[in-house]
Each structure stands twice: as C-alpha cells, then as structure tokens.
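Just so you know, ligand 1 is whichever comes first in the structure, and atom 1 is the first atom listed for that ligand.
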Amino acid sequence: MAKPKYSSPKGIKDILAPESGARRALLDLFSQEAWLAGYGEIVLPMFEEVGVFSRVGESTEIVQKQMYDFYDKDERHIVLRPESTASVMRAFIEHRPTLPWKCWYEGAHFRYEKPQAGRFRQFHQVGIELLGAEDPVADAEVIALGWGFLNKAGAKIKLLINSLGDAASREKYVAELGKYLESHLSDLSDSAKTTLKLNPLRVLDSKIPTDMKVTSEAPEMKKFLSTQDTDHFQEVCENLKNLGIEYELAPRLVRGLDYYTRTAFEYVSVDLDIAHDALGGGGRYDGLSESLGGPECVGVGFAIGIDRTLLAIKEKISSEIATKSLDVFIADLVGDSALMIAMELRSVGISTDYSFGRRSLKAQMKQADRSGAQVALIIGEEELEKDSVSLVELRKSEGEMREKSEQDLILRSELTSEIRKYLNK
Ligand code: HAM
C-alpha cells in the first residue's frame with residue numbers, strides 16, 4: 001500500500017474494531033462499577049484555562065513540559081486537559097454540589113510525551129473523585145473501586161500505597177531528601193540532577209537504574225508524618241485488609257502531580273515493562289480546592305489509563321473481555337430484501353449486517369464468515385417463493401463452517417424466534 005498523504009498525529013493512534021470493542025467493554029464495565037458505588041458521571045470540557053492546571057504541578061513534567069497549550073482567538077491561554085482532577089475541583093468550586101460529592105469521568109487526555117509503548121500524546125482515562133470526606137474509609141472505598149475494576153478487567157496488578165503526609169511534614173521530608181540526594185549527586189543521571197533542583201521528590205520517580213539505586217536507600221516519608229497522618233494511613237490500610245485487598249507499602253512512592261497529601265497509591269501491572277507499568281494511580285488532595293481559589297474541601301480519587309490497561313490484558317481480550325461479534329449476516333441473492341430483514345432483526349436487538357451490490361453466493365458467504373457472524377441467512381429465488389430464508393449456522397464449533405446442505409429453511413414469520421434459538425438470546 002502506498003504511503004498515505006496524511007496519517008494520525010505523532011503519538012496518537014486510531015483504534016479500530018475489534019480493539020475498539022474491547023475498549024468499549026472496559027468503559028462500560030467502569031461506568032457500571034462507578035454507578036454501583038453511587039458515583040454520578042461528570043462530563044468535563046476537553047480544555048480549560050491554563051490556571052486550572054498550572055497550580056497543580058508547578059514542579060512537574062506534566063505541567064512544565066507536557067501541556068498542549070495555545071492562545072484562542074480571544075487571546076485566552078488554553079490547555080488541552082492533561083488530567084481531570086483539577087477540572088473536577090474547578091467544577092466543584094463553580095457549582096458547589098452537596099458534599100460528600102462522588103463523581104466519575106472518562107475521556108481523552110493530552111500530554112506532550114515522547115511517544116513510546118504505553119505512552120501516547122492522546123490517551124483515555126477513567127476516574128473517580130470523592131470530595132468532602134476526610135474519613136479513611138473514603139480512601140479505602142476509592143482504592144477498592146479501582147482495584148475491583150482492574151481485577152474484573154483481567155489485569156494482574158500490584159497495589160502500591162504510601163502516605164505523603166501534609167504540607168508541613170512534606171517540607172521537612174523534602175529538605176532531608178534533598179540533602180541525601182545532593183550527597184549522591186555524582187551517582188545521579190543528568191535528568192535527575194535537573195529534577196533535583198526543581199523538586200527532590202520527583203527524583204524518586206526516576207526509572208533510570210542508576211537513579212533507582214540511589215533512591216532505594218533514600219530516607220522514607222514515614223518518619224516525618226504527623227501522628228494524625230500516621231493514624232489516618234493506618235486506618236486506610238486496616239480497611240483494605242478488611243476488604244481482603246492485598247497491598248504493598250511503598251515508602252518512596254510519589255506521584256507525578258503536586259497536589260497530593262496523605263494517601264497516595266498506584267495500580268501497577270505485573271505484565272508490563274517498568275517504563276509504563278502504572279495502569280492507574282491516585283490519592284488524596286486536601287488543599288487543592290483552596291489552591292484554586294475555592295473553599296476548604298478535601299478529596300480523594302484515582303484515574304486509570306485505558307490504553308495501558310488494554311496493553312496489560314492483551315492476552316485476555318479475545319476470550320474473557322470478548323469483543324461482541326455480529327449475530328447475523330444476510331446473503332441476499334435476489335437483492336431487494338436484505339435491508340428490510342436487517343432492520344427487522346436489529347429492531348429486536350439482533351445485530352445484523354449484509355453485503356452491498358448483489359454479489360455471488362460464494363463472495364457473500366466469505367464476507368459472512370469474515371464478519372464473525374454466528375449465523376448466515378440466505379435469500380434466493382427458491383426461498384422467496386416459499387416465503388422463507390435459509391439459515392446456516394456459521395460457528396458450530398470454532399472456525400468450522402457447516403456444509404450448505406445443512407441449511408435449515410425457516411418461515412419468514414418465524415425468523416426472529418428461530419434465530420434466537422440459535423443465538424441462545
Ligand atoms: P496519572 O498517574 O498522571 O494520574 O495518570 C493516571 C493514568 O493515566 C496512568 O497511570 C496511566 O495509565 C495513564 N496515562 C498517563 N499518561 C499517559 C500517557 N502519556 N499515555 C498513556 N497513558 C497515560 C492522574 O492523572 C491523576 N489525575 C489521578 C488522580 C485522580 N489523582 C486523584 N484523583
């Protein structure tokens with residue numbers, strides 16, 4: 001095939017069926033899980049004024065380097081959303097829903113990253129935010145929802161959890177961490193040296209082996225936590241234990257955005273490469289509302305990347321998260337009733353397709369097989385005369401097609417009920 005004149009923008013891919021089917025199944029599963037737990041959907045704008053995001057990560061790569069920003073025709077400084085927590089908080093401050101407020105979202109997000117496996121410039125997130133509850137049970141509920149979703153989706157994950165404390169204890173910790181990292185400067189990569197100047201916490205995020213060697217010995221946050229934060233964290237852990245959710249304490253886990261306080265967690269795939277093994281993550285962000293000019297309001301939530309989750313469950317996609325295949329394919333040899341029958345079957349929930357342009361039986365049956373349909377209906381002169389259609393079961397057993405002689409002649413008036421018998425619907 002000749003190179004097309006246009007292709008999708010760098011770092012962004014088209015998603016075609018059947019992969020899009022598995023993606024849709026994941027999104028449906030997530031909305032179901034969120035609904036079961038009392039979360040209502042929030043539909044947010046794809047872009048916001050720059051201020052909504054700039055405050056949530058002044059020292060982070062996401063805000064410093066990865067934002068898609070531009071000036072609109074009225075000279076407003078606009079950003080394509082790199083994440084949704086700040087937008088949810090902006091919406092809370094604007095609309096003041098009753099607290100506690102539980103919402104979920106899904107949609108495309110944008111980060112100007114170096115494209116590579118599991119890292120795209122446009123990616124899809126699902127997430128929940130729970131505002132107005134300081135109770136550690138809220139943290140546990142949020143963590144459990146993401147954990148349950150990923151498990152149901154078939155991803156093999158580890159749950160990593162840490163407490164980042166409040167702003168005061170973190171300041172002390174950052175100072176101590178900074179001193180430690182300065183004393184190991186010669187062992188750090190150039191990018192870690194640059195990060196260190198901006199925010200020592202971010203160095204803990206480096207996936208470069210030499211940096212990881214240094215950070216694995218770095219001081220831990222735990223020693224700097226206040227009694228209240230230590231107790232809060234312990235209660236979160238207790239609640240997870242009671243729910244039978246296994247977790248790993250990760251004393252140096254930090255997150256890629258600046259707004260986190262207290263609980264921070266990540267769902268890590270055991271099947272993906274370390275560079276992109278975080279399927280999702282989140283935590284508490286008490287103080288974010290105030291930093292956006294809102295009232296005092298605590299919050300906890302997570303976001304999960306759907307593109308990465310799909311990579312992590314690649315093997316399972318064809319079986320357990322079965323992509324919905326077509327029910328019926330009509331091979332119309334006469335050429336005037338396929339659309340009518342298709343509309344009739346579709347109206348009762350039987351997915352139906354057919355071919356255009358009156359092709360030969362062989363060509364149409366080939367298309368029927370390719371379509372993944374369970375049964376084919378053949379309409380020829382003979383069938384028309386008898387006011388019937390011939391039904392061929394295409395997938396009696398995996399990939400095996402029955403002989404044409406095994407067709408069953410079915411009366412048009414009994415078509416729906418007969419097809420349902422074959423489809424078990
Ligand atoms: P985050 O860790 O930046 O958190 O992103 C969450 C997930 O989005 C990641 O674990 C990953 O699966 C996916 N993701 C991020 N960047 C990319 C990319 N370039 N390509 C593919 N997937 C990506 C947040 O966004 C926070 N807002 C989560 C949160 C909600 N915290 C509290 N509430």
Side-chain angles (χ1 to χ4, degrees), residues 10-13 15 23 26 30 34 39 42 44 48 52-53 56-57 60-63 65-68 80-92 101-131 138-139 141-143 145-146 149-150 153 155 157-161 164 202 205 207 253-269 272-289 298-313:
K10 194 174 171 195
I12 303 178
K13 60 184 174 88
I15 307 171
R23 178 180 171 281
L26 278 189
F30 189 81
Y39 291 75
I42 179 165
L44 294 159
E48 299 266 9
V52 173
F53 298 112
V56 305
T60 68
E61 290 239 309
I62 296 174
V63 171
K65 298 194 197 147
Q66 297 175 351
M67 293 214 294
Y68 271 91
L80 297 186
R81 62 178 178 196
E83 62 110 40
S84 276
T85 311
S87 294
V88 167
M89 200 48 104
R90 193 264 312 135
F92 164 72
W101 184 44
K102 296 166 90 170
C103 65
W104 71 272
Y105 50 84
E106 60 126 323
H109 291 74
F110 307 87
R111 292 182 192 176
Y112 198 85
E113 297 224 47
K114 193 165 166 236
Q116 51 190 293
R119 269 182 208 281
F120 312 103
R121 290 185 172 172
Q122 178 182 316
F123 55 95
H124 215 81
Q125 276 189 351
V126 291
I128 60 169
E129 310 294 347
L130 198 176
L131 268 56
D139 305 49
E141 162 171 317
V142 164
I143 296 172
L145 200 149
F149 163 70
L150 286 169
I157 51 163
K158 264 191 318 198
L159 168 62
L160 307 181
I161 177 165
L164 303 176
R202 299 259 68 76
D205 240 358
K207 306 276 196 254
L253 174 76
V254 286
R255 306 264 310 123
L257 289 145
D258 278 348
Y259 48 61
Y260 291 103
T261 52
R262 294 188 160 179
T263 316
F265 59 93
E266 260 173 22
Y267 307 109
V268 176
S269 162
L272 293 182
D273 191 73
I274 184 167
H276 59 273
D277 62 355
L279 300 187
R284 231 173 219 289
Y285 41 85
D286 306 346
L288 176 59
S289 172
V298 296
V300 55
F302 69 73
I304 288 175
I306 289 297
D307 312 80
R308 276 195 201 166
T309 304
L310 282 169
L311 282 179
I313 59 169

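- Here the side chains of Arg81 and Gln125 are not in contact, with every heavy-atom distance at 4.5 Å or above.
- For the atom pair Asp205 CG and Glu61 CD, the distance stands at 9.0 Å (nearest 0.5 Å).
- With sequence neighbours excluded, no residue satisfies salt bridge (Lys or Arg N to Asp or Glu O under 4.0 Å) with Glu106.
- Side-chain contact between Phe53 and Ser87 is present, with at least one heavy-atom pair separated by less than 4.5 Å.
- A side chain to side chain contact (heavy atoms under 4.5 Å, CB included) with Glu129 holds for exactly one of Tyr105, Trp104, Phe302, Trp101; it is Tyr105.
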Audit row: Tyr259, Thr85, side chain to side chain donor-acceptor pair (under 3.5 Å) steps and yes/no: CA-CA 10 Å; Tyr259 48 61; Thr85 311; 3.2 Å; yes

Close N/O pairs between ligand 1 and protein, under 3.5 Å:
{"residue": "ligand 1", "atom": "2 (O)", "partner": "Arg255", "partner atom": "NH1", "Å": "3.3"}
{"residue": "ligand 1", "atom": "2 (O)", "partner": "Arg255", "partner atom": "NH2", "Å": "2.8"}
{"residue": "ligand 1", "atom": "3 (O)", "partner": "Arg111", "partner atom": "NH1", "Å": "3.0"}
{"residue": "ligand 1", "atom": "3 (O)", "partner": "Arg111", "partner atom": "NH2", "Å": "2.9"}
{"residue": "ligand 1", "atom": "4 (O)", "partner": "Arg255", "partner atom": "NH2", "Å": "3.0"}
{"residue": "ligand 1", "atom": "5 (O)", "partner": "Gln125", "partner atom": "NE2", "Å": "3.2"}
{"residue": "ligand 1", "atom": "8 (O)", "partner": "Gln125", "partner atom": "NE2", "Å": "3.1"}
{"residue": "ligand 1", "atom": "10 (O)", "partner": "Ala278", "partner atom": "O", "Å": "3.1"}
{"residue": "ligand 1", "atom": "10 (O)", "partner": "Gly280", "partner atom": "N", "Å": "3.2"}
{"residue": "ligand 1", "atom": "12 (O)", "partner": "Ala278", "partner atom": "O", "Å": "3.2"}
{"residue": "ligand 1", "atom": "12 (O)", "partner": "Leu279", "partner atom": "O", "Å": "2.9"}
{"residue": "ligand 1", "atom": "12 (O)", "partner": "Gly305", "partner atom": "N", "Å": "3.3"}
{"residue": "ligand 1", "atom": "16 (N)", "partner": "Arg111", "partner atom": "NH1", "Å": "3.3"}
{"residue": "ligand 1", "atom": "19 (N)", "partner": "Glu113", "partner atom": "OE2", "Å": "2.7"}
{"residue": "ligand 1", "atom": "19 (N)", "partner": "Phe120", "partner atom": "O", "Å": "2.9"}
{"residue": "ligand 1", "atom": "20 (N)", "partner": "Phe120", "partner atom": "N", "Å": "2.9"}
{"residue": "ligand 1", "atom": "25 (O)", "partner": "Arg111", "partner atom": "NH2", "Å": "3.2"}
{"residue": "ligand 1", "atom": "25 (O)", "partner": "Gln125", "partner atom": "NE2", "Å": "3.1"}
{"residue": "ligand 1", "atom": "27 (N)", "partner": "Glu83", "partner atom": "OE1", "Å": "2.6"}
{"residue": "ligand 1", "atom": "27 (N)", "partner": "Thr85", "partner atom": "OG1", "Å": "2.8"}
{"residue": "ligand 1", "atom": "27 (N)", "partner": "Tyr259", "partner atom": "OH", "Å": "3.0"}
{"residue": "ligand 1", "atom": "31 (N)", "partner": "Tyr260", "partner atom": "OH", "Å": "2.6"}
{"residue": "ligand 1", "atom": "33 (N)", "partner": "Thr85", "partner atom": "OG1", "Å": "3.2"}
{"residue": "ligand 1", "atom": "33 (N)", "partner": "Glu129", "partner atom": "OE1", "Å": "2.9"}
{"residue": "ligand 1", "atom": "33 (N)", "partner": "Glu129", "partner atom": "OE2", "Å": "3.1"}
{"residue": "ligand 1", "atom": "33 (N)", "partner": "Gly301", "partner atom": "O", "Å": "3.4"}
{"residue": "ligand 1", "atom": "33 (N)", "partner": "Phe302", "partner atom": "N", "Å": "3.4"}

